[in-house]
There are 2 protein chains.
Amino acid sequence: MDLAGQVGRRLRELRTEQGISLSELARRSGLGKATLSELESGRRNPTLETLYALTTALSTHLTAVLTPATAQAEVSGGAVDAVLLERYQDDEATTEVFRVRVRAGALQESPAHPPGTTERIIVLGGTARVGPTGAATLVGPGRQADWAADVPHEYSAPDGDAEAVLVVRYPRPGGAAAPR
Amino acid sequence: MDLAGQVGRRLRELRTEQGISLSELARRSGLGKATLSELESGRRNPTLETLYALTTALSTHLTAVLTPATAQAEVSGGAVDAVLLERYQDDEATTEVFRVRVRAGALQESPAHPPGTTERIIVLGGTARVGPTGAATLVGPGRQADWAADVPHEYSAPDGDAEAVLVVRYPRPGGAAAPR
DNA sequence: CGCCTCCGTTCCATAAACAGAACGTTCTGT
DNA sequence: ACAGAACGTTCTGTTTATGGAACGGAGGCG
């Protein structure tokens with residue numbers, strides 16, 4: 001599990017996405033070209049200062065570079081890439097927050113989860129089609145949808161990849177019945 | 001604004017919260033005591049590897065130690081502690097996802113954000129009272145609320161601390177339509 | 001009181017991250 | 001075709017982050 005390699009790849013992604021050359025980024029960030037070159041190829045172990053200089057020069061946050069490397073639990077499938085951002089647990093339920101990308105074209109069917117499980121998606125960009133199989137709805141940027149996930153459900157993205165946050169809530173099996 | 005100092009303070013916070021001694025943490029993480037000591041006092045500029053070893057030894061993720069230095073300030077205040085989980089940006093909008101804790105008793109008033117800004121909260125545990133000042137609503141575990149954040153709004157937790165995920169969406173100032 | 005253990009800080013040698021220069025390669029314009 | 005510039009990589013010397021070994025101080029116990 002090469003941490004430097006992952007961060008390096010992510011840095012190069014961010015830079016090329018913005019159409020900036022390595023030399024240009026070196027100028028903007030005040031770092032040496034050598035530093036950037038070896039960093040992006042995963043041959044170095046950057047300093048906090050270096051990372052900060054880089055991410056601000058790329059006008060993002062440190063987390064943009066680090067999150068893909070930190071999150072471990074992947075619950076991905078055919079059309080969905082998911083990265084666990086947060087996991088919360090109390091007497092009533094366990095809740096997991098994922099950052100997901102729904103890939104265009106493909107359809108992912110998810111089997112029923114335990115009784116009482118609910119899912120909620122908040123779309124950041126693109127349009128996703130999600131919900132119980134047969135009753136999926138379209139969700140655009142900034143909008144949300146929620147559904148009971150104890151029946152089969154599906155994810156797809158009709159018009160290009162969709163980026164979203166997915167919140168899955170599993171009520172505690174034996175635990176405190178949640179009155180409402 | 002001293003980055004190393006901020007991270008150092010945050011590290012010491014996390015360590016003492018867990019009641020671990022510096023020497024003990026050194027053993028668990030495989031790092032030298034010197035490293036930890038000077039790190040926590042902000043006299044060093046840690047390496048990515050070092051930070052990773054530390055945060056995993058403290059059983060958190062990198063963002064827990066880094067976000068307070070970058071973005072937390074925007075949302076955090078009297079009654080709200082926020083940690084940035086994710087930041088997404090496209091032609092239409094910038095969306096930030098925070099993990100927040102609303103402390104019991106206190107009330108936080110947030111001034112109006114730029115026009116078009118919306119906020120959405122998903123409560124993981126406890127009960128939060130959120131929304132535009134004067135029109136706040138109660139939100140229980142597993143439930144959500146959303147509101148326009150371009151007017152003053154407020155956060156509070158009447159019955160004990162509330163844990164939640166907060167999604168803030170800032171539409172792009174120049175307006176959407178960006179031809180590609 | 002000693003003695004021992006554990007704490008956090010400071011000192012020191014080593015390894016490695018960094019900046020700058022030199023390099024080969026690929027475009028661009030004349 | 002050539003000159004020039006910009007690109008990304010590799011080389012070299014300096015700075016510094018790191019681990020291990022002291023160090024002084026604060027309990028715990030016989």
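These values consider heavy atoms only, across backbone and side chains, with no hydrogens, waters or symmetry-generated copies. We name chains A, B, ... by the order of the sequence lines, and we start the count at 1 in each one.
- Applying the 6.0 Å contact sphere to CZ of B:Arg44 captures more than 12 heavy atoms from other residues, nucleotides or ligands.
- Electrostatic pairing of B:Glu24 and B:Arg15 does not count as a salt bridge here, judged by no charged N lying under 4.0 Å from a carboxylate O.
- Scanning residues 42-51 of chain B for heavy-atom distances under 4.0 Å to DNA chain C yields B:Arg43.
- One can place CD of B:Glu40 at 16 Å from C1' of D:dA17, the figure rounded to the nearest angstrom.
- Residue A:Leu39 is out of contact with every strand shown, counting any heavy-atom pair closer than 4.0 Å.
- Taking atom CG of residue B:Leu25 and atom P of nucleotide D:dT18, one finds them 14 Å apart after rounding to whole Å.
- The shortest distance between the side-chain N/O atoms of B:Arg27 and the OP1/OP2 oxygens of C:dC7 is below 4.0 Å.
- If A:Gly30 and B:Arg15 are placed on DNA chain C by their nearest nucleotide, the residue sitting closer to the 5' end is B:Arg15.
- Across all strands, A:Leu31 comes closer than 4.0 Å only to sugar-phosphate atoms, never to a base (heavy-atom distances).
- Contact check, B:Ser37 against C:dG8: no side-chain N or O comes under 4.0 Å of OP1 or OP2.
- Taking the charged nitrogens against the carboxylate oxygens, B:Glu40 and B:Arg9 have no contact shorter than 4.0 Å, which rules out a salt bridge.
- At least one side-chain heavy atom of A:Leu138 sits less than 4.5 Å from a side-chain heavy atom of A:Pro158.
- Shown here, D:dA21 forms a base pair with C:dT10; the pair counts as Watson-Crick or G-U wobble because both key distances fall under 3.5 Å.
- The nucleotide whose nearest atom lies closest to any side-chain atom of A:Glu38 is, among C:dC11, D:dT9, D:dT10, D:dT10.
- Contact between the side-chain N/O atoms of B:Thr35 and the OP1/OP2 oxygens of D:dA17 is not found at any separation under 4.0 Å.
- Phosphate proximity of D:dA6 to A:Ser23: absent, as no side-chain N or O sits under 4.0 Å from OP1 or OP2.
- Here the C1' atom of nucleotide D:dT18 and the CG atom of B:Leu22 are 15 Å apart, to the nearest Å.
- Cluster annotation: B:Val151 is not connected to B:Val130 through the hydrophobic network of ILVMFWY side chains, with a link wherever side-chain heavy atoms come within less than 4.5 Å.
- Heavy-atom nearest nucleotides on DNA chain C were determined for A:Ala34 and for B:Lys33, and the one closer to the 5' end corresponds to B:Lys33.
- Salt bridge annotation for B:Arg169-B:Glu92: present, with a cationic side-chain nitrogen under 4.0 angstrom from a carboxylate oxygen.
- In this structure, CD1 of A:Ile20 is placed 17 Å from P of D:dA6, rounded to the nearest angstrom.
- Here D:dA6 presents its C1' atom at 11 Å from CD of A:Glu24, a figure rounded to the nearest Å.
- B:His153 and B:Glu109 share no donor-acceptor pair across their side chains, judged by distance under 3.5 Å alone.
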